[in-house]
Amino acid sequence: MDAISSLSELLADQKPSSFVEIPGILGQTFGQATIAATLPISKLFSIFEVDLEVQRAIIPRNLSKLIDYVNLYLEDRQPIYFPGIIFSARGAGYYDEEHGALRLQPIEKLYVVDGQHRLAAFQRIMETLQSQMARAKDRREYDKMEEITEKLRRLYAFPISTMTYLDINARQERQLFSDINKLPRKLGGNLAVLRDQRRFYHVAATELAAKAPAMQKLTVDMFSERGKSPEYLFSYHLLIEILVGLFEGRMKSAARNNNYQYADKDLQELVSLAGGYFNGLLTHLPSPTKGEIVWSENIQIALALFMHEEATKTGSFNRYALEHALKILPHVNWNSIYAGEEKDRLPRRTRIMKAYNHIKSFYQEQNAFLISDAEDYKASFANKEDVS
């Protein structure tokens, strides 16, 4: 008896009355057969499956952010963009060349390789709207039923780009998932254009990198979605982390003001203050070069956290308090922060907090002497020039 290699072969003799068709273009990606297609989210709901041996568990914070983003489309009717979702068919179905479509038996599924949180966000919103519809129907709130129906209709019709690998195994899926989520990726033109629809600090980072003269020396890789190319000093995401640390005194994951709705006045004020901050770093720190420890991401985030603390002691962000605190930087021994291999072996958050505590302790012990002494010297030198 011939071995059965897929569920399609097992069900081939049953001649089901219907198939699930995925119209798409057959091609090759990394030497594997793939189908590229654009599908409404309603069709994806019925055909995708999550294998927890390949995927990580849902991260509630990430899911919540994606739900907020989708609601921009449903509540505010703003256009939104999602990168394509990647699936694996694991040999299921067959490609009908005549009709240009992958045909699946109703029982067959596509397994998510990348895009689990995006799909979960749509699914959670769908379930919420369906619950709201049931309540509105029970209460005979017909106007509300019409409003929810319209949202559901637009949600179901939302188009998602997909790529499906036809015949890779679970091990290859895990490797692909790892590569997608760890390796730097260049931004597509459409995502770069739509960056102005992103959250507050994302837009601020884009504005800052484009307009602030200091950023021309610091060089930010705005063209990679993750990580940075070797020729750049900062990644786009590091710049966002620094802004959150500087203006909120928090790590990026705990940011409170990173919303989609904000006043342009607040954005421009933050960009102006941030530009002044980076000018101060260039004035008081060694030249920004690779390998200079003070320009490493951990110390830059620690610096931002510390400067936030000093700039907000009066209750609001004080530009002059920030400028005063920056004057301590030339006196800090940056190479004494980490002992031995700590800067490579300690967990990232521990490295950041170790640098933060080092800077804070040094400032508390030395700022009254070092800063005032330097200012007195400058003032005295200026007076001598005036007299002469």
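Residues: numbered from 1 along the sequence shown.
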task: Start with the C-alpha gap between E248 and R256, add the side-chain angles, then the distance that decides, and say whether salt bridge (Lys or Arg N to Asp or Glu O under 4.0 Å) holds.
output: CA-CA 8 Å; E248 294 195 24; R256 288 180 174 175; 5.9 Å; no
field: Close side-chain approach of L246 to F317, heavy-atom, < 4.5 Å
entry: yes
- prompt: In Å, rounded to the nearest 0.5 Å, how long is the span from CE of M145 to CG of D138?
  reply: 9.5 Å
field: Candidates L285, L239, L218 - the one meeting side-chain contact (heavy atoms from CB on, under 4.5 Å) with Q300
entry: L285
task: Would you please test E147 and R154 for salt bridge (Lys or Arg N to Asp or Glu O under 4.0 Å) and show each step?
output: CA-CA 11 Å; E147 178 186 339; R154 290 193 293 121; over 6 Å; no
Y95 side-chain N/O to G24 backbone N/O, donor-acceptor pair under 3.5 Å: yes
message: In this structure, would I25 and M163 fall into the same cluster of hydrophobic residues linked by side-chain contacts under 4.5 Å?
response: no
- prompt: Q268 side chain to K265 main-chain N or O, any donor-acceptor pair under 3.5 Å?
  reply: no
query: For the ring pair F87 and Y111, is the centre-to-centre distance below 6.0 Å?
result: no
- prompt: Can you tell me if T206 uses its side chain to pair, donor with acceptor, with the backbone of H202 under 3.5 Å?
  reply: yes
message: Please report the interatomic distance CG(D68) to CD(Q261), rounded to the nearest 0.5 Å.
response: 10.5 Å
query: Mind checking whether L346 and L303 sit in one hydrophobic cluster, side chains of I, L, V, M, F, W, Y counted as touching below 4.5 Å?
result: no
query: More than 12 non-hydrogen atoms from neighbouring residues, nucleotides or ligands closer than 6.0 Å to CZ on R124, yes or no?
result: no
query: Under a 4.0 Å N-O cut-off, is there an ion pair linking R77 with E150?
result: yes
message: Restricting to non-hydrogen atoms, name the atom on E310 and the atom on Y363 that form the minimum distance, rounded to 0.1 Å.
response: OE1-CE2, 3.3 Å
message: Less than 4.5 Å apart, side chain to side chain, heavy atoms only: is that true for L208 and L243?
response: yes
task: Apply side chain to side chain contact (heavy atoms under 4.5 Å, CB included) to I293 and Y338, showing your working.
output: CA-CA 10 Å; I293 189 169; Y338 303 113; 4.1 Å; yes
- prompt: Do you know which two heavy atoms are closest between N279 and A214, and how far apart they sit?
  reply: OD1-CB, 3.3 Å
message: Go through it in stages, so that I can follow the logic: the residues are D221 and F234, the test is side chain to side chain contact (heavy atoms under 4.5 Å, CB included), and I'd like the CA-CA distance, side-chain angles, deciding distance and then a yes or no.
response: CA-CA 6 Å; D221 186 352; F234 285 2; over 6 Å; no
message: Pair E342, R345 - check salt bridge (Lys or Arg N to Asp or Glu O under 4.0 Å), show working.
response: CA-CA 5 Å; E342 283 185 340; R345 292 186 175 275; over 6 Å; no
query: Got more than 12 heavy atoms from elsewhere within 6.0 Å of CD, E341?
result: no
- request: Give a yes or no on whether F247 and Y320 share a hydrophobic cluster (residues Ile, Leu, Val, Met, Phe, Trp, Tyr; joining criterion: side-chain heavy atoms under 4.5 Å apart).
  value: no
- prompt: Does the pair E241/R348 count as a salt bridge with the N-to-O cut at 4.0 Å?
  reply: yes
- prompt: Is a side-chain N or O of Y356 found less than 3.5 angstrom from the main chain of L305, in a donor-acceptor match?
  reply: no
message: Show, in sequence, the C-alpha distance, side-chain angles and deciding distance for L166 and T34, and conclude whether the side chain to side chain contact (heavy atoms under 4.5 Å, CB included) test is met.
response: CA-CA 6 Å; L166 296 184; T34 56; 6.0 Å; no
- request: Measure the spacing between CD of E207 and CG of L267 and express it to the nearest 0.5 Å.
  value: 5.0 Å
- prompt: Does L233 offer a backbone N or O that forms a donor-acceptor pair with the side chain of T219 under 3.5 Å?
  reply: yes
Just list the side-chain donor-acceptor pairs under 3.5 Å for residues 42-51, sequence neighbours left out, or say none.
unit_1	atom_1	unit_2	atom_2	d
S42	OG	Y156	O	3.3
K43	NZ	E21	O	2.7
S46	OG	K43	O	2.8
D51	OD1	E53	N	2.9
D51	OD2	R90	NH1	3.3
D51	OD2	R90	NH2	2.8

More than 12 heavy atoms of other groups within 6.0 Å of K65 NZ: yes
- prompt: Is the count of non-hydrogen atoms from other residues, nucleotides or ligands lying under 6.0 Å from K290 atom NZ greater than 12?
  reply: yes
field: Check: S361 side chain, N357 main-chain N or O, donor-acceptor pair, under 3.5 Å
entry: yes
message: Would F122 and I67 count as a side chain to side chain contact (heavy atoms under 4.5 Å, CB included) here? Give the steps.
response: CA-CA 7 Å; F122 278 101; I67 289 172; over 6 Å; no
- prompt: Which distance, rounded to the nearest 0.5 Å, do you find between the CG of D264 and the CD of E269?
  reply: 11.5 Å
query: Can any side-chain N or O of N169 pair as donor or acceptor with the backbone N or O of R171 at less than 3.5 Å?
result: yes
- request: Measure from the side-chain N and O atoms of S235 to the backbone N and O of L238, and report whether any donor-acceptor pair falls under 3.5 Å.
  value: yes
- request: Taking all non-hydrogen atoms of both residues into account, name the closest pair between P83 and R118 and its distance.
  value: O-NH1, 2.9 Å
query: Is the closest side-chain heavy-atom distance between K217 and S287 below 4.5 Å?
result: no
query: Once the angle between the rings of F82 and Y69 is folded into 0 to 90°, is it parallel (under 30°), tilted (30 to 60°) or perpendicular (over 60°)?
result: perpendicular
statement: When every non-hydrogen atom of A311 is compared with those of A321, the smallest separation belongs to CA-CB, 4.1 Å
Heavy-atom side-chain contact between I359 and M307 under 4.5 Å: no
query: Does E98 offer a backbone N or O that forms a donor-acceptor pair with the side chain of D96 under 3.5 Å?
result: yes
- prompt: Is there side-chain contact between S88 and Q32, with heavy atoms separated by less than 4.5 Å?
  reply: no
query: Which pair of non-hydrogen atoms, one from L102 and one from L110, has the smallest distance, and what is that distance?
result: CD2-CD2, 4.4 Å
task: Mark yes or no for whether H117, through its side chain, and I59, through its backbone, hold a donor-acceptor pair below 3.5 Å.
output: yes
message: Quick check on E127: does its CD atom have over 12 non-hydrogen neighbours (other residues, nucleotides or ligands) under 6.0 Å away?
response: yes
- request: State yes or no: do L282 and I328 share one hydrophobic cluster built from I, L, V, M, F, W and Y residues joined by side-chain heavy-atom distances below 4.5 Å, directly or via other members?
  value: yes
query: Hey, what's the ring geometry for F200 with Y262, parallel, tilted or perpendicular (30° and 60° as the breaks)?
result: perpendicular
query: If you round to the nearest 0.5 Å, how far is NZ of K151 from CD of E146?
result: 13.5 Å
task: Can you see which heavy atom on A209 is nearest to which on V220, and at what distance?
output: CB-CB, 4.4 Å
- prompt: Any side-chain heavy-atom pair from Y94 and L104 closer than 4.5 angstrom?
  reply: no
query: Same cluster for W334 and I301 if Ile/Leu/Val/Met/Phe/Trp/Tyr side chains link at under 4.5 Å?
result: yes
task: Hey, could you give me the CD/CG distance between Q116 and L63, rounded to the nearest 0.5 Å?
output: 9.5 Å
message: With heavy-atom distances below 4.5 Å as the criterion, would you say the side chains of M251 and M353 are in contact?
response: yes
- prompt: Do Y165 and V113 have side chains that get closer than 4.5 Å, going by heavy atoms?
  reply: no
